[in-house]
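This one's a predicted model, so the numbers in the text were calculated from it and none came from an experiment.
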Amino acid sequence: MPNGDDLDARFNELVAQIDEDERRRMRTAATRGARAPRSDKATRPRRAGRGLLAAGLVAAVIGGATVIVAARPDLLTPQAGSPGPVPEETQPVMAAPAPEPTGTEAAALGEKTAADPFEGSPAEKYAEGTAGFVMPKAKALGGLSKKEVAKALDRTRDLLAAAYLDHKTLVGGKPKAFIERLDARQRDWYRDQLDIKQTKKPRFDGRYWVNSFAPKTAELATGVIKVRGESTVKKLAKYGREGAEVKVKYLVVYAVQRPGQPATVLRFVSRVEGQVLVYRESGRLVTWVRNWGRRTGTPGRCDVKDAFLHPAYRDSAPDKTSARATDPPTDPYDLDRDLPRDKKCHRSRRT
């Protein structure tokens with residue numbers, strides 16, 4: 001929280017943008033208000049003039065917010081040196097939100113602003129929610145019975161739903177649903193890896209195992225989430241264990257918008273992959289998550305170094321990191337293409 005000196009400095013910066021005549025008028029009004037009759041003189045504020053001037057200034061700023069933002073956007077955003085990353089949503093946009101397109105304009109933009117934001121895109125034909133996490137037929141494998149493999153596949157589907165469909169997790173909350181579905185021995189480790197503070201040497205962050213939009217950057221425009229993909233199951237032939245190995249690969253498509261701004265809706269495509277090892281240990285069936293998480297998030301910002309998803313809206317501030325990408329744009333709906341392993345920002349077609 002800013003200290004008194006910071007508040008005074010900010011106050012003075014704001015006052016500097018009001019001309020002298022306006023300041024004189026506000027002081028007069030403030031003084032008049034300070035002289036109002038009171039029965040208890042001991043409680044009269046000593047800085048009534050400054051306080052009422054501030055109140056009037058706040059009203060003036062609200063009434064002319066567009067002018068203030070254009071003149072000094074830094075006054076409305078965190079100052080340099082403030083702790084923590086700056087959410088993209090709090091940064092000044094390049095222009096006022098554009099009017100919501102309709103008809104041929106919407107078609108030309110590749111966006112859909114009607115009741116179904118997926119209409120006209122490949123995601124229109126995808127299954128909704130958990131139904132999209134299609135599992136293979138269970139069969140006896142690696143010393144496991146058909147019933148045990150079926151149970152493991154059900155657990156895998158539950159893990160996918162908790163990681164990529166849970167609303168609290170999607171809007172940046174703690175991924176409790178996902179943690180509860182991890183193997184009991186994996187939960188404490190995962191909690192310790194969650195929301196790691198990054199240093200010069202990057203560290204694994206458990207947030208990568210789920211999809212979470214950075215707080216205040218996005219909200220779901222509809223309760224429908226589209227899913228397409230597949231899982232495979234085969235005999236586990238490594239790690240010195242006997243059992244089964246489940247591999248998952250899906251596209252999860254969200255319709256998101258800036259909070260409270262339906263005209264900014266866009267389709268956000270995330271490709272997620274993972275591996276679940278299934279085996280018996282001490283008489284119980286273990287489902288152990290490995291190499292799990294999202295591989296892509298489109299359209300997303302590349303200039304924020306945390307494990308949250310940061311949507312790139314049409315009115316977002318420029319992303320200098322993504323601007324340096326020069327590779328040919330790829331199709332975000334192509335689930336079969338090989339993905340680069342360089343962890344760099346890559347270009348993509350519209351969603």
Is the backbone N or O of [Y] less than 3.5 Å from a side-chain atom of [X], with the two atoms forming a donor-acceptor pair by type?
X      : Y      : answer
Trp292 : Trp209 : yes
Lys226 : Glu124 : yes
Asp166 : Ala177 : no
Glu148 : Ser145 : yes
Ser316 : Ala312 : no
Arg284 : Arg280 : no
Asp319 : Cys302 : yes
Arg267 : Pro117 : yes
Arg301 : Pro318 : yes
Arg258 : Thr217 : no

Checklist entry - Is it true that atom NZ of Lys247 has more than 12 heavy atoms of other residues, nucleotides or ligands lying nearer than 6.0 Å? => result no
[atom1] of [X] to [atom2] of [Y]: how many Å apart, nearest 0.5 Å?
X      : Y      : atom1 : atom2 : answer
Glu273 : Asn291 : CD    : CG    : 10.0 Å
Glu281 : Arg185 : CD    : CZ    : 4.0 Å
Leu285 : Lys147 : CG    : NZ    : 11.5 Å
Tyr250 : Ser270 : OH    : OG    : 14.0 Å
Thr130 : Asp158 : OG1   : CG    : 8.0 Å
Asp116 : Ser121 : CG    : OG    : 8.0 Å

Does [X] share a hydrophobic cluster with [Y], counting links as ILVMFWY side-chain heavy atoms below 4.5 Å and allowing steps through other members?
X      : Y      : result
Val210 : Leu194 : yes
Trp288 : Val149 : no
Trp189 : Leu159 : yes
Leu153 : Val286 : no
Leu220 : Tyr313 : yes

Checklist entry - When you look at Lys168 and Lys176, which way does the side-chain contact (heavy atoms from CB on, under 4.5 Å) test go after all the steps? => result CA-CA 9 Å; Lys168 289 184 178 179; Lys176 293 181 180 180; over 6 Å; no
State, yes or no, whether a side-chain contact exists between [X] and [Y] at a heavy-atom distance under 4.5 Å.
X      : Y      : value
Phe213 : Phe268 : yes
Val272 : Arg295 : no
Lys137 : Lys146 : no
Leu144 : Tyr279 : no
Leu277 : Thr287 : no
Asp303 : Lys320 : no
Val269 : Leu251 : yes
Leu236 : Glu242 : no

Checklist outcome for this item: Paired with Arg207, the side chain to side chain donor-acceptor pair (under 3.5 Å) test is passed by just one of Asp306, Thr169, Asp195, namely Asp195
Checklist entry - Taking the six-membered ring for Trp, are Phe308 and His310 parallel (under 30°), tilted (30 to 60°) or perpendicular (over 60°)? => result perpendicular
Item to check | salt bridge (Lys or Arg N to Asp or Glu O under 4.0 Å) evaluation trace for Asp154 with Lys151 | outcome: CA-CA 5 Å; Asp154 286 343; Lys151 186 175 183 179; over 6 Å; no
Checklist entry - Is the centre of the Phe178 ring less than 6.0 Å from the centre of the Tyr190 ring? => result yes
Item to check | Option passing side-chain contact (heavy atoms from CB on, under 4.5 Å) with Val256 (candidates Leu309, Val171, Leu266, Thr222) | outcome: Leu266
Checklist entry - Have Tyr239 and Arg290 got a donor and an acceptor in their side chains that come within less than 3.5 Å? => result yes
